[in-house]
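Below is one structure, written out as structure tokens; comments come after it.
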Amino acid sequence: MEQFLTFLIPGIFVGMVYALIAMGFVTIYRTTGVLNLAQGEIFLIAGYFMLFLVGGIGLSFWLAIPVMLGMLALVGVITERIALRPLVGQPIMGIILMTLGIGAFLRGVMTLFWTDLVRPVPSVFPLEGVPVLGVMISQAYLWFGVIALVVFIGLWLFFNRTRMGLLMKAAADATLLAQSCGVSVNTVTRMSWIISCITVGLGGYMLTTITGAQPLMGALGLRSLAVVLAGGMESIGGVMLMGPVVGAAEFIFAGYFDPFVGGALKEVIAFVLLIFFLLIRPQGLFGWRIIERL
Amino acid sequence: MRWPSGTYSYKYDEDMAIFRTKTQWGLLIAFLILMALVPYLVAPDLVTIVLIMLIWIVATQGLQLLLGYTGQISVCQSAIMGVGAFTTGILCSKFAIMSYWAALPFAGIMAGLVGMLFGWPSFKVKGLYLALVTIGAQLIIIYAIVHMPDLTGGVVGIVIPAPRIGPIDFGTTEWYYLGLVMAVLATFIVKNIARTRAGRAFVAVRDNDIAAEVMGINIFAYKMLSFFIGCFLGGVAGWLFVGYIGFAQVDHYTLDESVWILGMVVVGGAGSSLGTIFGVVFIQAIRELATWGGPIIADAIPSLGIGFSMALPLLSLGFAYAVFLIFEPRGLAHRWEIIKRSYRLWPYSR
């Protein structure tokens, strides 16, 4: 039981960060129907931005974090404007391939500035252990949970209570109808990319403080895809619920089975779960079942 | 397909022929002879580059069938190559139960089966969901290879003894001819599968899977068939690659490589086996140029930093994706058709 808790509790907190990243996927998917496979790179680039701002030019953390989020928003705007807006109306396959291309390009950018070595990312979170249910975990994990919850509540309020959020929902539900009612779909799409990049980046920064950053680590950001699929592609609440579940499952499986398979099971558990979810319930727990017609 | 004016079909065979006119046959034979003479005409370094292109053509034709004809995105083609490569390594080096040549069908079939395993979810999901499954597949396959050191040698990999046929030692020239034969065969197979009942079913699944199902096409069976053939070719490419470089090692089969292979299909044009060749040549040329020119530029302009030479290939790949998806989503194959047509219609073409 003791051992089970030592796997479960950090798993839940890391899972909340996965949920945070998954929210970034969901935001873009809901408003534009695009699944952004470059998310893994955006996730990493946040860690590198902090490395640059804190380690490179020596800003204090409280200044560096808002600047980093601003830079991520800029990355989102530029990507959307240059790479994705010309593809509006093209088949979805082309758009998915484009996000893969964007990912390769961002990987190139990261290699260009920071080479391909693993770099430690400066951490703002205190690392001393605190007991939770009798298990000592790093305080950083607690902060992850708190930040993820705050962002979740913020996004929920944004989508349900603000004008922009409602416009985004409208544009997602019926693009043509929304457009004819005077909603600027371009603005909405840009907004969703900004929000998504900021959310993903925040999650990316938090996880890279633990793992360090390396241009090929994008798969770490893609792990949250399992969360997206489990929760449902359209549901922010769903991913917030399933994030901790997937995170905990990852830690528990890795904890118990690592000795038998030679370690690093964490790298693939999320993807095994992903395929499993797809086979059982492709629309996720809270996703919409879309009935296709000819 | 448009033929030059004055070409009429009197028989069914004529209507079905890929090469209709004497000019086309002449050009084809001339092209093949030219390809066969490459080792005697160009520098040895260039022969290696062309050989690598030929190997990629085999792998990319497989992905072309899967993505271009059947419309199933697969981001795991390089891991599938890895399966072929490691199967070869295990059979002919680790356990040494057969020669390198006898391992060919096993490498292909093993890769095909693994591909079918990960294509299995396609009976329930499609499009972007399948892209996710194949990303997962890429990572899971590589994980499995690394974590079965007893079988695969883990991170270190397996050394393959240099294959030979009787007295013939395999140098670059011999590998080049083997690669050429394989690339021609792969292109021939994919081009012809596309014209059979199965090929038409693939295209129907791609264009509208619901309509295809309503018309009585067993879409799951055809998707599985497509996965099998596509990954079979991937495995054969892995077999070829591993024989040429002499060792199977997991670093050659990363997610990054899969994105490169996808880029070849994108640039060449989805849905054209000729496009695959254009795409492979284009992307490989960019890659070789960037790998060769990167250090030179970095030396000339030191302020770019040491990451530049590593970053240049990736930057140019991302750039190629963007340019082709935005300006020529149908790829180089389409551009080639336009050029051909305007040549035939000259002087009436623009």
Side-chain angles (χ1 to χ4, degrees), chain A residues 29 33-35 37 40 82-83 86-87 90-98 100-117 215-216 218-219 222-223 225-226 228-229 233 261-265 267-268 270-276 278-282 292-294, chain B residues 67 71 73 75 118 120-121 123-125 127-133 135-140 142-144 146-149 154 208-211 214 254-256 258-260 262-263 265-266 270 304-308 310-322 324-327 329:
Chain A
Y29 183 75
V34 173
L35 187 79
L37 293 179
I82 293 181
L87 291 187
Q90 298 263 9
I92 198 79
M93 185 130 76
I95 301 178
I96 298 178
L97 291 172
M98 179 59 110
L100 276 174
I102 296 168
F105 191 81
L106 288 179
R107 232 171 8 251
V109 171
M110 288 187 279
T111 322
L112 177 61
F113 288 112
W114 294 284
T115 72
D116 62 349
L117 304 171
L216 294 179
L222 293 179
R223 275 189 216 167
L225 283 172
V228 179
L229 287 172
M233 298 283 270
V261 294
L265 201 55
E267 285 172 19
V268 291
F271 295 100
V272 176
L273 282 176
L274 180 154
I275 293 177
F276 181 72
L278 279 180
L279 285 174
I280 307 286
R281 197 177 156 85
E292 279 185 89
R293 288 159 193 277
L294 195 61
Chain B
L67 175 70
I73 298 185
V75 198
F118 286 105
W120 188 260
F123 81 92
K124 251 192 167 167
V125 300
L128 76 192
Y129 291 94
L130 202 64
L132 301 184
V133 174
I135 288 183
Q138 164 79 37
L139 298 163
I140 292 170
I142 295 306
Y143 177 86
V146 171
H147 287 87
M148 291 193 292
N208 192 331
D209 53 345
I210 299 173
V214 170
T254 55
L255 183 59
D256 236 25
S258 289
V259 178
W260 280 98
L262 265 174
V265 177
V266 168
L304 285 172
I306 50 168
F308 180 75
M310 284 181 282
L312 193 58
L314 280 170
L315 290 173
S316 34
L317 174 67
F319 194 66
Y321 261 97
F324 273 89
L325 283 170
I326 293 172
F327 296 110

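None of the values given here were measured: they were computed from a predicted structure. Chain naming here is simple, since letters A, B, ... match the order of the sequence lines and numbering starts at 1 in each.
Of the two parts of A/Leu87, only the side chain, counted from C-beta on, holds a non-hydrogen atom closer than 4.5 Å to a non-hydrogen atom of chain B. Only the side chain of A/Ile96 comes within less than 4.5 Å of a heavy atom of chain B; its backbone N, CA, C and O stay farther away. With a 4.5 Å cut-off on non-hydrogen atoms, A/Leu37 touches chain B through its side chain but not through its backbone. Interface remark: A/Leu273 contributes no atoms to any contact with chain B (heavy atom separation under 4.5 Å). Proximity to chain A involves both the backbone and the side chain of B/Leu132, based on heavy atoms less than 4.5 angstrom apart. Using a 4.5 Å cut-off between heavy atoms, A/Val272 contacts chain B through both its backbone and its side chain. In this structure, no portion of A/Ile102 lies under 4.5 Å from any heavy atom of chain B. Both the backbone and the side chain of A/Leu100 come within less than 4.5 Å of a heavy atom in chain B. For B/Val75, the part lying under 4.5 angstrom from a heavy atom of chain A is the side chain only. In this structure, chain A has heavy atoms under 4.5 Å from both the backbone and the side chain of B/Pro121. For a residue to count as touching a neighbouring chain, one of its non-hydrogen atoms must lie under 4.5 Å from one of that chain's; by this rule A/Ile95 does not touch chain B. Only the side chain of A/Leu229 has a heavy atom closer than 4.5 Å to any heavy atom of chain B. Contact of B/Phe118 with chain A is made through the side chain alone, with heavy-atom distances under 4.5 Å. With a 4.5 angstrom heavy-atom cutoff, B/Val133 touches chain A via backbone and side-chain atoms both. Of the two parts of B/Leu312, neither the backbone nor the side chain holds a non-hydrogen atom closer than 4.5 Å to a non-hydrogen atom of chain A.
Between the B/Tyr321 side chain and the B/Val259 main chain, a donor and an acceptor come within less than 3.5 Å of each other.
To the nearest 0.5 angstrom, A/Leu106 atom CG is 12.0 Å from A/Leu112 atom CG. Distance check: B/Leu317 CG to B/Asp256 CG gives 8.0 Å after rounding to the nearest 0.5 Å. Distance check: A/Leu117 CG to A/Thr111 OG1 gives 10.5 Å after rounding to the nearest 0.5 Å. Atoms CZ and CG, on A/Phe105 and B/Leu315 in that order, are 5.0 Å from each other to the nearest 0.5 Å.
Considering only heavy atoms from C-beta on, A/Met98 stays 4.5 Å or farther from B/Val266 through its side chain. Under the 4.5 Å side-chain criterion, counting only non-hydrogen atoms from C-beta, B/Leu67 is in contact with A/Met93.
When A/Leu225, A/Ile82, A/Ile275, A/Leu97 are compared by the number of non-hydrogen pairs under 4.5 Å with chain B, A/Leu97 comes out ahead.
In terms of heavy-atom proximity, B/Gln138 sits nearest to B/Thr254 at NE2-C, 3.1 Å. Across all their heavy atoms, A/Ala226 and A/Ala270 have their closest contact at CB-O, 3.1 Å.
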